[in-house]
Amino acid sequence: MSNPDNQELQAATDTPLLKVSGVSKFYGSRIGCKDVSFELWPGEVLAIVGESGSGKTTLLNCLSTRLMPTTGSVEYRMRDGNFRDLYHMSEAERRFLMRTDWGFVHQNPADGLRMTVSAGANVGERLMAVGDRHYGNIRATANDWLTRVEIGTDRIDDQPRAFSGGMRQRLQIARNLVTSPRLVFMDEPTGGLDVSVQARLLDLVRGLVNDLGLSAIVVTHDLAVARLLSHRMMVMKDGHVIEHGLTDRVLDDPREPYTQLLVSSILQV
Amino acid sequence: MATPLVVSEVFKSFTMHLRDRIKLPVVNDVSFSVASGECVVLGGPSGIGKSSILKMLYGNYAVDAGQILVSHKDRLVDIASADPRTTIDVRRHTLGYVSQFLRTVPRVAALDVVAEPLVARGIQAPEAKVKASDLLARLNLPRELWSLPPATFSGGEQQRVNIARGFITSHSILLLDEPTASLDAVNRRVVVDMIAEKKREGVALLGIFHDEEVREAVADRILDVTRFSPRKAAA
């Protein structure tokens with residue numbers, strides 16, 4: 001325990017990565033999300049669940065600065081250990097953060113990929129954003145990541161247009177993780193995929209999150225996805241967080257009327 | 001002797017909001033403790049709240065009132081009021097749980113399912129797999145199943161994977177929810193031996209065993225849950 005590296009590691013895991021306080025977003029007089037506060041620690045996966053229109057995507061977009069909230073603040077612990085208020089950063093700083101330290105996995109892979117450049121270039125582009133210039137290294141890393149997401153390396157020069165939905169989603173994940181981000185946002189990562197493809201993707205994401213020690217915020221309406229991926233869960237309804245706790249506690253002993261309705265509506269196979 | 005688990009005045013009820021907010025009392029005023037090296041067995045008829053008590057101790061069910069104190073890394077943690085992050089840390093290092101059923105993850109091999117709790121504690125995968133193999137061999141799980149995901153296994157095979165997963169770590173408290181329910185006599189005896197070893201290592205065990213023979217073999221004392229039943233209090 002006298003090892004200074006250990007102490008440093010301990011200190012890093014005892015400090016949150018993200019501090020969210022009082023985030024609200026109004027669309028005119030309509031509520032997008034209201035007064036959301038929580039902290040996210042390194043290595044933690046948080047699921048945000050709720051039906052369509054409950055405000056979960058609005059919240060995710062506010063957290064990832066794709067959308068400016070009406071009120072509230074989000075502080076992020078930078079790699080130097082200092083907290084920065086995301087809404088008071090310059091646009092250039094935010095973009096750099098998005099390209100390097102963060103990942104964003106969209107429900108529709110076409111929103112997160114460049115469909116007309118090769119799979120290898122999709123992965124390599126993020127590496128170049130962090131300053132990698134050596135073609136051989138970039139291609140080797142791209143190859144390595146395609147293998148990790150179970151895409152054959154013979155497909156490295158193909159465009160994602162020629163890929164199936166499941167392959168595209170795996171490519172999007174590789175593109176996001178190649179720069180070793182510390183925080184990944186996911187918006188319905190398995191939405192629109194066949195169940196068998198879903199299972200494969202979930203298992204892949206679960207393994208990668210564990211191996212890399214990532215923090216992640218996953219928006220999903222699928223409680224089975226939340227159960228498999230997340231440690232902690234927030235239930236949203238009409239823009240408000242109505243229940244929040246350990247994932248298995250919320251699912252096995254839901255306290256709020258709406259959460260009980262959600263859990264009791266799961267179809268048994 | 002050290003007492004790593006103390007339960008004090010715990011109350012639990014379910015409010016069914018979708019059924020006219022019916023309030024179902026589960027247990028009232030649960031108080032007991034488990035010492036290191038001791039195996040306490042929860043007794044009483046079905047539906048009296050034995051499994052619910054285990055689930056509350058594990059943080060899987062919320063409690064209405066009371067404290068569940070666990071010695072965790074040289075301090076006391078109250079599971080009843082701990083935040084999710086603390087509960088996860090307690091589960092990873094201190095509090096183990098063998099449930100009745102295995103919740104399978106698609107595509108993960110049985111050997112990896114068993115090794116996972118060790119890997120989560122930072123032990124290298126090859127070393128964890130060696131230990132996992134030893135346990136699966138001891139529990140007589142056919143070697144050809146080790147590399148397959150347990151989803152298609154029989155009830156008894158799944159349960160043995162589950163037991164191996166629960167026993168692989170050196171957690172100081174172990175909760176057992178009918179771990180021998182679907183096992184044959186040979187494997188029941190293996191589990192009885194494994195529980196005896198845990199006791200010698202100073203682990204505090206709390207379990208539910210319907211099989212009388214197993215109960216006789218492992219229990220240091222039996223805690224009758226009927227006395228915490230709200231129904232008895234009403235009568």
>> Test salt bridge (charged side-chain N to carboxylate O under 4.0 Å, His left out) on B:Lys73 and B:Asp89; report intermediate values, then the result.
In response: CA-CA 10 Å; B:Lys73 295 182 177 170; B:Asp89 199 56; 2.9 Å; yes
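If you measure heavy-atom distances from B:Thr15 to chain A, the contacts under 4.5 Å come from the backbone alone. A:Thr247 does not touch chain B: none of its heavy atoms, backbone or side chain, sits under 4.5 Å away. With a threshold of 4.5 angstrom between heavy atoms, A:Arg200 approaches chain B through its backbone and through its side chain. Only the side chain of A:Leu228 comes within less than 4.5 Å of a heavy atom in chain B; its backbone stays farther off. For A:Gln260, the parts lying under 4.5 angstrom from a heavy atom of chain B are both the backbone and the side chain. Heavy atoms closer than 4.5 Å to chain A are found nowhere in B:Arg19, neither backbone nor side chain. If you measure heavy-atom distances from B:Tyr58 to chain A, you find no contacts under 4.5 Å at all.
Residues B:Thr94 and B:His171 bring no donor and acceptor atom of their side chains to less than 3.5 Å of each other.
Annotation: the span from B:His93 atom NE2 to B:Ser170 atom OG amounts to 10.5 Å, rounded to 0.5 Å. Atom-to-atom distance recorded for B:Leu206:CG and B:Lys50:NZ is 12.0 Å, nearest 0.5 angstrom. In this structure, NZ on A:Lys56 lies 9.5 Å from CD1 on A:Ile48, to the nearest 0.5 angstrom. The CG atom of B:Leu118 sits 12.5 Å away from atom NZ of B:Lys129, with the distance rounded to the nearest 0.5 Å.
Between chain B and the options A:Arg232, A:Glu256, A:Arg255, heavy-atom pairs under 4.5 Å are most frequent for A:Arg255. Residue with the most contacts toward chain B among A:Pro254, A:Gly207, A:Pro257: A:Pro257 (heavy-atom pairs, distance under 4.5 Å).
Both tests hold for A:Lys19 against A:Phe83: distance to the six-membered ring centre under 6.0 Å, angle to the ring axis within 45°.
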